[in-house]
Structures are given as C-alpha cells and as structure tokens.
Amino acid sequence: MYDVKGNLKQVLANLPQGVRLVAISKYHPNEYIEAAYAEGQRLFGESHEQELRQKHTTLPQDIQWHFIGHLQTNKVKYIAPYVTMIEAVDSLKLLREIEKQAAKCDRVIDVLLELHIAEEATKYGLTPDDLRQLLADGEWREMQHIRICGLMMMASNVDDEQQIRGEFQQAKQLFDEVKQQYFADCDHFCERSWGMSDDYKIAVTEGSTMVRIGTTIFGPRIY
Ligand SMILES: *Cc1c(COP(=O)(O)O)cnc(C)c1O
C-alpha cells in the first residue's frame, strides 16, 4: 500500500493552524481510508454518489463525508440523510433540491457555493456574476435546511504559479465581498475551500481554510 500514514502526517505538518484537511478518497479502497482514519483523520471527500454510499455504509460512522464533485439533482436524496457538507453547489436548482431533501430528513445541510474562476471551460461552478446574482436573488434566505458556509473553487490546472495564486486571490476577494454584503453577521460563513495536491501550499498562503487533497496522501487514482 501507498504510505498513507506517512503522507498524511507530512501534509498535516504543512498546514498552518486553522486550515482543515479534507482527505479526498475517491477511487481509493476502504483500506486506504482506514489507514488515514487510524491516524485520526475523520474528514473525507468523495465525488460519486454510489461510491460514497458504499463507503459510508461500510466504514466507521463517525467519518464526516464531504461531497466534492458535481452533484446531479436526482442524486441529492441519496446523500441527504448523512452527508456533512456539499461543497460544490453551482446552481439555484441544486440548492433548492438540497433544501427539499434536507427538510425531508429533518436536517440542516452545510453547503459551499462553487466558484468558477479557472480558465478551463470544462469546469463547473458559478462565475463571479452568477454568484452575485444568486445571492442578490435572495431565495436562499428562505431555505431553513441549508447553511451556506462559504465558497469552494478549483484553480486552473497549469504550471504557472502566478496564475494559480491570482485565481486564489480573486476567490478570496469575492469571499470578502459577499461576506460583507450578505453574511457579515453569520459566523458560519467562514470557509474557503481551495487547494489540492499540486497547489495547496499556494492556497494556504492565500487564505484557504480547507484543502482537498487526494493524490499526495493516497497516491495516483486507478480509474
Ligand atoms: C479529485 C479532487 C480533488 C483532489 O485532487 P488531488 O489532485 O488528487 O489532490 C480535490 N477537489 C476536487 C473537487 C476533486 O474532484
């Protein structure tokens, strides 16, 4: 097995105080998750509903699961009973469905709004103007079963460190803007989920509060 424990320790040692690690375990077997769990890691991220369901039912129940991938509205009902956070909300339609399913489970589900800043056209997420529009529209204020806890984003997959840094800075600026405008009194609107294996060291210098790291801990994924 990949040296999950050693890698996990290394990553944790690189994180400043106050930055949480979401260990991204997608495509990795339970044994890998159990190794990280044995080191005390409780926060894991998955991006496919069926795989998450499988892992949730077979692994320790005190694991907190973040759904980090693109979520189809018809899948929300399956994860609503147990998911801790849905990180990549990119439409009002999805927000409405989470509200509906969370209400059915009599839960409040934490969510992040996913920003699209990166250049890649294939990435999901709200443009800065989409984000402003969604918040200005105000329907989210009526949703009693979701709690908007911050923003999530993926930087461009490029080697240019300045570009990546610039995208994180843009995300931080938008966070500050909407925090001030809509969430000034909400202590729970505090999460900035950015930073992955290749760029988390940059992300933590640019205000990330939560990094999502897979490959560096668990090794390459076998698809
Ligand atoms: C897979 C994935 C990650 C982890 O990527 P690594 O490069 O393996 O660290 C982080 N965030 C999202 C949204 C992902 O889909």
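We count ligands from 1, going down the list as the structure has it; atoms in each ligand are counted the same way. Side chains are part of it too, since the values below use all heavy atoms of this structure and drop only hydrogens, waters and symmetry mates.
Close placement of the F175 and F189 rings is indicated, their centers lying within 6.0 Å of each other. Under the 6.0 Å cut-off for aromatic ring centres, Y223 and Y27 qualify, their centroids lying closer than that.
A side-chain donor from one of N30 and T58 sits under 3.5 Å from a side-chain acceptor of the other. Defined by atom type and a distance below 3.5 Å, a donor-acceptor pair is missing between the side-chain atoms of R212 and S197. Using a 3.5 Å distance cut-off with no hydrogens or angles, the side chains of Q163 and E167 do pair a donor with an acceptor.
Within the 3.5 Å criterion, the main-chain N or O of C186 finds a donor-acceptor partner in the side chain of K179.
Residue-level contacts of ligand 1 at the 4.0 Å heavy-atom threshold are I24, K26, I68, M152, M154, M196, S197, R212, I213, G214, T215, R221.
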